[in-house]
Amino acid sequence: MEAYQRTVEEALQEQHSSMHGLSEAQAQERSSVFGLNKLQEKKASLLKRLVRQLSDPMIIVLLGAALISGITSAYAHESYADTFIILFVVMVNAMLGLYQEGKAEAAIEALKHMNAPACKVVRNGEIRVTASEDLVPGDVIVLEAGDAVPADGRILECANLKVEESALSGESLPVEKQTEALQEDNPPLGDRRNMVYMGSSVVYGRGRAVITATGMHTEMGKIADAILVSREEATPLQQKLNRLSKLLSLLVLAICAFMFLFELLRNGDLRAESLLDTFMLAVSLAVAAIPEGLAAVVTVQLAIGVTRMAKRNAVIRQLTAVETLGCTQVICSDKTGTLTQNRMQVVEHFGDDERLLALAMSLCNDTQVHADGTMQGEPTEVALSAYGETLFHINEEMQKYPRIHEFPFDSQRKMMTTMHRQSDGVVLQFTKGATDVVLQRCTGIWRNQKIEPMREEDREELNRMNKRMADRALRVLCAACKWNEHIETDMETAESNLVFLGLCGMMDPVREEVKPAIAQCRKAGIRPVMITGDHIDTAVAIAKSLTIITDTSQAMSGSTLDTLSQEELTARIDQTFVYARVKPEHKVRIVDAWKSRGYVVAMSGDGVNDAPAIKRANIGVGMGITGTDVTKNVADMVLADDNFATIVSAVQEGRRIYDNIRKAIQFLLSSNISEVLSIFLATMMGFTILKPVHILWVNLLTDTFPALALGMEEGDEDLMRRPPRPSSEGLFANGLHMQIIFQGCAITLITLFSYIVGHFMEAGVWEITQSADGMTMAFLTMSMTEMFHAFNMRSLKQSVVHMKKQNLYLIGSVVCALFLTIAVIYIPVLSELFAFEHISVAEFAVALLMSVSIIPIVEIEKWIHRALQRKHG
C-alpha cells in the first residue's frame, strides 16, 4: 500500500513518527541511514575532465606531431624546441577548455543558490528552521504560502492548502490538497491530492506533512537517476572535427610514407645519415600538413561565443553546444515563464463601477501586500490585488473596511465570501468565484451607482461576456456584493440575493519580446513549437497571439497523442506546433519524433518533468530563475532570464560562431596546403624552401593570431534570413574545399616565385638552386601572404572591400604577426636560430608587394563563385 492510500494515522505509523515529529536523536540516526536530502549530480573529476580535453581528435593529432618532432630531434641531436612548442599549445588548449567548463559550472552553482534551501520542521514537538538537506523520512514539516516543498510527504493536516506542481506535472494552475486517503491504484502524480513533492511550492493556505521520501528516493530523484545513467551524443561540430582529424591523420601518414619512399628510391642511398635526412624531409611535410593551431583556434572561438552569450543571459555549459545552436531547426518551448511572464494579470474587466469591482476583488482576497509593494499569495489572487493596487492602496482600504467574518473558498462551492465593517456600522459583503455559480445567486445588478433588479436580458448579456472572455482563454472570475445591518453567519443565506458587480478576465500574458523573436525564427527557417501542461484552449489562444499557429488543427492534446503510435506521430509531427495537457513522456516522444525526421531540436523547460526531454534533445535549455536543479544539470544551456527571445539570440550567436569557425578552417587549411605544396614542389626541383621549424613558426604564431581574430567577426547581414544548415552538412559544403585548394595553390605559387626572385636579387642569375636569401624571402612572403589572406576570410562570400565594419582585433593580430615575422628575420639571435639572412629593404618591399596580390586574386575567385551560385541557385 502506498502512502497516498493510507490514512493519516497509518502514514505516521509507517514512518514510526507522530504529530510531534522526531527527536533530534532519531533524526541523526536516520540521517546516517538515508543520507542527505539532496540530488546526486553527474560531475566528472578534474583528472577525467583533463583526459576528456586531451582525447579530442585534434589534440591527438598535435600530440602525434610532438612525438614525431621529438623522435627527429633525438636522432639528429638537435634542439627539442619544436616538441616543446607543440606541447605548450596542447596544454594551453586543454587549460582553456577546463577554464570555460569551470566558469559554466560556477554560473550554474550561483543559479542553484538563488533560493535558500531551508524549511520548517517539527523536532521534539517544537517548530524550528533547518537546512532542507538535513530532513529524513518521518520528519514532520510545516508548510505555508511561499514555502518550497523540500521532500516528498503525506499531508497530515491542511487548511485551503494549494500547491504549484508544474515542475513535476506540467500543470500551471495550483492543486488543492486534502488529507483523506485515496482509493485508486497508481493514480497520476497530479491526482495524488494528499501528497506533496520535492520541487513544488505552496502558493496558498497552510498544512503539515510527514516526510515519506528524501533525496534520490523522491519523485524528482527518480527522474534525476534516469538522467544520470543516460548517454551523451556527440554534437554536429564534434562529429565534423572528428572526421577532419581522421582525414588529416591519414593525409599526414600518406605524405610521410610517399616522400620517404620517393626520396629513398630517387637517391638510392641507404646510409643512416641519408635515411635520417630523408625521414626529416617527410617530417617537414607532416608538420606542414598538420594545422597545429586549429584545435586551439576552434576552442577559443567557441569560448568567445560563450562569453558573448553570457552577456546576453545565456549560460553555456558545454563549448560545443554553441555550434549546435547554430543548426537548430526546431525549438520546443514550455509556455509558462518562457513564452509568458509566469504571473497572472487582469487584462479585461466588465462592470459599471470599476473601482467597486476592484475593491471587491482585492478585499475578498487573502493576498498579503507588503510595505515595499511585493505581494504573496495564490497567483490568481495576487493578480486581482495587483489590479486593485492600480486604482487605490489596498492596505489603506483594508483599514477602512476591516474584515470581520469570512467563508473561505472551497472547491465544492467555488466561491469565497468576506464581510467588512463600514465606518457607519453597516456590513459590506463581497463574494467572488466562478461566474456561473455567483451569477445564479445574484438577484440585482450594480448600475449607475445604485442597485437595479437583475433582468433576464442582463443574465444573457453577462453570460455572453463571460463566454467571450473564456473563448480568449482568459480565466474569468465574477464579483458580487450586498449590504447588511448585521453579520450573516449562515453561509447559504449570506451567499444569496447578491448584487452583481462585474467580471475580471485574467491570463498569464506573453513576454513583449517573444513575438518579435518568433517572427525572427520564421525568417531564419526555425520552427517554434509550444509544449504545455495547460488546457488546449489556453494553449491555442496564446499560440495564435504569438503566430506559432494559424489554425486550431495545428494543436494536439495529450489525450490525442496517447492514441498515436510513435510512427504515426512522426508522420504528422511537422503539421503540429502546439501540444497541450502533456505528460513528461509525451515531451520525449515529441523530441524523438522531430529527431527521427532528421531535424536538429532544441528543447527548453523549467520543471523536472521537462528534464528527460531536455536531455534527449540535441540542445537542452534550462531556466535559470524558475528551473529546478535537475533541469539545470542536464541542460546544455541555462537561460538566466527564462526568456524565449534569449534562445533565439543564442541561435544567432551559434550561427555566427559556426561561420567564423569555417573561416578559420579555410584560412588555416589553405595556409597548410600552401606549405605542403611549397615543400613538395621545392623538393621535386631539388632545393629546401622551408625547414620544419619555419613551418611551426608560421602555423603556431603567424597564422594563429589572425585565425583567433576571425572569431570576433560579426555575422553576415543575411545570418538570420537564411534557413538552418542541415546537421549532416559537412565543414567543406558549398564549395569550400575547392576554395581552400585554389587559395592554397595561389599562396604556393606566390611563395615559390618569391624564392626564385630572392635568389635572383642575391646572385643576379635566374636559376633554381639552394639559396639563403631565397629561403628568407619565401618565409617572409608566405607569412605576409597568409596575413593578408586573413582579411579575405572576413567573409566567405562577400567582397571584403565593401564590408562596412572593421575588425580591429584582426588588424591588431596581423600587426602583431608581422612584428614577430620581422623579429625572427632581423634580430640576430633569432635569425641565426632559424638560419635566415638579413635581406635588404628592396627584397622586403618585393616580398610585401607579392604578398598583397593574394587579396585581388581571392576577390576574383569570390566573384566567380558568387556568379556560379547565382547561375545554379
Side-chain angles (χ1 to χ4, degrees), residues 2-4 8 11 15 17 21-22 34 36-39 112-123 127-179 188-224 336-337 342 376-379 533 584 606-611 623 625-632:
E2 300 293 336
Y4 51 78
V8 168
Q15 299 300 329
S17 185
L22 302 175
F34 295 101
L36 294 176
N37 176 38
K38 59 188 296 187
L39 302 180
K112 283 183 184 179
H113 292 94
M114 289 176 68
N115 299 316
C119 63
K120 293 181 281 292
V121 63
V122 180
R123 292 269 175 88
I127 299 176
R128 61 184 65 181
V129 177
T130 188
S132 297
E133 66 178 24
D134 292 334
L135 285 181
V136 294
D139 265 327
V140 174
I141 57 172
V142 178
L143 298 171
E144 296 175 342
D147 289 346
V149 178
D152 293 0
R154 170 67 163 87
I155 296 173
L156 303 176
E157 58 183 44
C158 63
N160 300 318
L161 182 65
K162 293 184 181 180
V163 180
E164 197 272 311
E165 297 178 338
S166 62
L168 283 162
S169 67
E171 171 61 62
S172 61
L173 293 177
V175 178
E176 188 173 359
K177 295 298 181 178
Q178 65 185 49
T179 59
L189 186 143
D191 292 339
R192 300 174 191 175
R193 295 183 176 271
N194 58 6
M195 298 289 293
V196 288
Y197 294 100
M198 175 190 281
S200 56
S201 58
V202 179
V203 297
Y204 192 79
R206 59 187 183 276
R208 294 192 179 198
V210 60
I211 299 301
T212 57
T214 58
M216 296 300 289
H217 299 288
T218 62
E219 292 296 323
M220 182 183 284
K222 292 174 184 176
I223 298 176
T336 306
N342 196 24
Q376 183 178 346
E378 195 268 341
D606 56 359
V608 177
N609 61 318
D610 298 319
M623 302 296 117
I625 299 174
T626 59
T628 60
D629 286 352
V630 171
T631 309
K632 295 172 192 173

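In what follows, every heavy atom counts, from backbone to side chain, and hydrogens, waters and symmetry copies are set aside. Worth saying up front: this structure is predicted, and the values here are computed from it rather than measured.
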Donor-acceptor pair, distance only, cut-off 3.5 Å: does the side chain of [X] make one with the backbone of [Y]?
| X | Y | value |
| --- | --- | --- |
| D147 | E144 | yes |
| N194 | Y4 | yes |
| S17 | G138 | yes |
| N37 | G215 | yes |

Side chain to side chain contact (heavy atoms under 4.5 Å, CB included) partner of K162, chosen from V203, V202, V175: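 Only one option passes, and that is V203.
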
Partner of K38 by side chain to side chain contact (heavy atoms under 4.5 Å, CB included), out of M198, M216, E133: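 Checked M198, M216, E133 against K38; only one passes side chain to side chain contact (heavy atoms under 4.5 Å, CB included): E133.
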
How long is the straight-line distance from [atom2] of [Y] back to [atom1] of [X], given to the nearest 0.5 Å?
| X | Y | atom1 | atom2 | answer |
| --- | --- | --- | --- | --- |
| I141 | I127 | CD1 | CD1 | 11.5 Å |
| M220 | S200 | CE | OG | 8.0 Å |
| L143 | R206 | CG | CZ | 12.0 Å |

Less than 4.5 Å apart, any side-chain heavy atom of [X] and any of [Y]?
| X | Y | answer |
| --- | --- | --- |
| T130 | C119 | yes |
| R154 | M195 | yes |
| I211 | V136 | no |
| F34 | P137 | yes |
| Y197 | V149 | no |
| D134 | L36 | yes |

Which heavy atom in [X] sits nearest to a heavy atom in [Y], and how many Å separate them?
| X | Y | result |
| --- | --- | --- |
| A209 | V196 | CB-CG2, 4.1 Å |
| P174 | E378 | CG-OE2, 3.8 Å |
| A151 | L135 | CB-CD1, 4.5 Å |

Step-by-step side-chain contact (heavy atoms from CB on, under 4.5 Å) determination, Q15 to T212: CA-CA 7 Å; Q15 299 300 329; T212 57; 4.0 Å; yes

Within 6.0 angstrom of R123 CZ, more than 12 heavy atoms from elsewhere: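 Check passes, neighbour count above 12.
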
Contacts of D152 that satisfy salt bridge (Lys or Arg N to Asp or Glu O under 4.0 Å) - sequence neighbours left out: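 Residues passing salt bridge (Lys or Arg N to Asp or Glu O under 4.0 Å) with D152: none at all.
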
Those residues that, when tested against E157, pass salt bridge (Lys or Arg N to Asp or Glu O under 4.0 Å) (two or more places apart):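 Result, salt bridge (Lys or Arg N to Asp or Glu O under 4.0 Å) vs E157: R208.
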
